[in-house]
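First the structure, in the form of structure tokens, and then the observations on it.
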Amino acid sequence: NAGVTQTPKFQVLKTGQSMTLQCAQDMNHEYMSWYRQDPGMGLRLIHYSVGAGITDQGEVPNGYNVSRSTTEDFPLRLLSAAPSQTSVYFCASSLDRNLNTEAFFGQGTRLTVV
Amino acid sequence: AQKVTQAQTEISVVEKEDVTLDCVYETRDTTYYLFWYKQPPSGELVFLIRRNSFDEQNEISGRYSWNFQKSTSSFNFTITASQVVDSAVYFCALSEEARGRRALTFGSGTRLQVQP
């Protein structure tokens, strides 16, 4: 079972570059989300989606874009990378939009912006 | 104000000690869900338990137990007879409705170190 697949696992960007973090799930989950994890701050929600075509902002959306054109994929785009976006990024999915079941997480992407 | 507060940043115990990780949450919803996740040194996030707001029964799973008290908005996690393999960061999380949609909010985590 693939579950939630994130790519890449590691990435180094220069300030100002753009890139897309990929996230795919094969469990037909409605709910998908992106978090960033920084030391001492836990996981903070960036963007989330309750289904194809529906996205919403989380706690720290600035500098990031998302789209959900299919149920399976939820890419996260960094428009113009900044050192403050150095972090570990996790994609997660849950069975239904009411979040009454557990979230399944990808392995994470460690991003460094220099 | 934080929706999920894990006041203990780091706890260190010796193997076989019992340890309790605290979680206090804040919500206006009457229907909400609480979760605990474990993040071992390898970095992945592992689901441990889910509890809905209508079920205040305590739960025990092996050496793990959870105490949910709505009166104090707490959902504490106890590990009995801790082992080195329990060393990890533990996160408490709250699923509630915000602006008509549900979002999952995490606490800042408690790092547990179990010394042999």
Side-chain angles (χ1 to χ4, degrees), chain A residues 2-6 9-10 23 25 27 29-51 53-61 66 68 74 87-111, chain B residues 1-10 21-25 27 29-55 59 61 66 88-111:
Chain A
V4 179
T5 303
Q6 277 184 245
K9 286 192 168 56
F10 300 94
C23 177
Q25 53 92 6
M27 299 172 282
H29 284 179
E30 281 192 294
Y31 193 101
M32 295 186 75
S33 53
W34 277 101
Y35 291 87
R36 60 177 288 173
Q37 183 177 17
D38 302 293
M41 305 192 75
L43 285 89
R44 292 183 293 168
L45 182 63
I46 304 171
H47 286 285
Y48 62 100
S49 168
V50 298
I54 307 170
T55 63
D56 207 347
Q57 296 182 348
E59 182 185 352
V60 288
V66 292
R68 183 99 180 267
F74 191 46
S87 187
V88 180
Y89 292 84
F90 286 97
C91 178
S93 73
S94 299
L95 179 60
D96 73 71
R97 60 181 60 194
N98 290 318
L99 283 179
N100 57 13
T101 58
E102 71 268 29
F104 291 78
F105 285 83
Q107 294 291 321
T109 297
R110 185 174 293 275
L111 176 68
Chain B
Q2 277 203 330
K3 289 184 177 292
V4 181
T5 301
Q6 296 180 254
Q8 305 148 308
T9 307
E10 188 161 342
L21 310 183
D22 297 333
C23 174
V24 174
Y25 62 92
T27 182
D29 280 359
T30 53
T31 303
Y32 54 90
Y33 303 89
L34 295 161
F35 302 83
W36 276 95
Y37 286 86
K38 174 182 180 180
Q39 187 177 42
S42 51
E44 75 273 21
L45 284 141
V46 179
F47 165 75
L48 295 177
I49 191 172
R50 177 197 73 135
R51 176 63 77 229
N52 74 53
S53 52
F54 300 109
D55 182 2
E59 178 144 348
S61 176
W66 290 268
V89 181
Y90 291 87
F91 292 99
C92 180
L94 166 70
S95 161
E96 60 165 355
E97 193 164 313
R99 300 196 303 270
R101 299 204 177 113
R102 287 208 166 261
L104 186 64
T105 302
F106 283 79
S108 55
T110 296
R111 181 179 299 277

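So that the names make sense, note that chain A is the first sequence line, chain B the second, and so on, each numbered from 1.
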Item to complete: Please round to the nearest 0.5 Å and tell me the distance separating atom CD of A:Glu102 and atom OG of B:Ser95.
Response: 12.0 Å

Worksheet item: Using non-hydrogen atoms only, which part of A:Ala92 is less than 4.5 Å away from chain B: side chain, backbone, both, or neither?
Response: neither

Worksheet entry | Over 12 non-hydrogen atoms of neighbours within 6.0 angstrom of CZ in A:Arg44 | yes

Item to complete: Could you tell me which portion of A:Phe104 (side chain, backbone, both or neither) has an atom closer than 4.5 angstrom to a non-hydrogen atom of chain B?
Response: neither

Discussion item. What part of A:Leu45 gets within 4.5 angstrom of chain B, counting heavy atoms only: side chain, backbone, both, or neither?
Written reply: side chain

Fill in: Part of A:Glu59 within contact of chain B (heavy atom distance under 4.5 Å)
neither

Discussion item. Could you work out, with side chain to side chain contact (heavy atoms under 4.5 Å, CB included) as the rule, every residue matching B:Gln8, not counting sequence neighbours?
Written reply: B:Ile11, B:Leu21, B:Asp22, B:Thr110

Worksheet item: Looking only at heavy atoms, what is the nearest atom pair of B:Phe106 and A:Leu43, with distance?
Response: CB-O, 3.6 Å

Worksheet entry | Value rounded to 0.5 Å, distance of OG1 in B:Thr31 from CG in A:Asn98 | 9.5 Å

Worksheet item: Any idea which heavy atoms bring A:Phe90 and B:Gly43 closest together, and the distance?
Response: CZ-O, 3.4 Å

Worksheet item: Are there more than 12 heavy atoms of other residues, nucleotides or ligands under 6.0 Å from atom CZ of B:Arg51?
Response: yes

Discussion item. Just verifying a value: how many Å separate A:Tyr35 OH and B:Phe91 CZ, rounded to the nearest 0.5 Å?
Written reply: 11.5 Å

Worksheet item: For chain A, which residues from residues 32-41 of chain B have at least one heavy atom closer than 4.5 Å to it?
Response: B:Tyr33, B:Phe35, B:Tyr37, B:Gln39

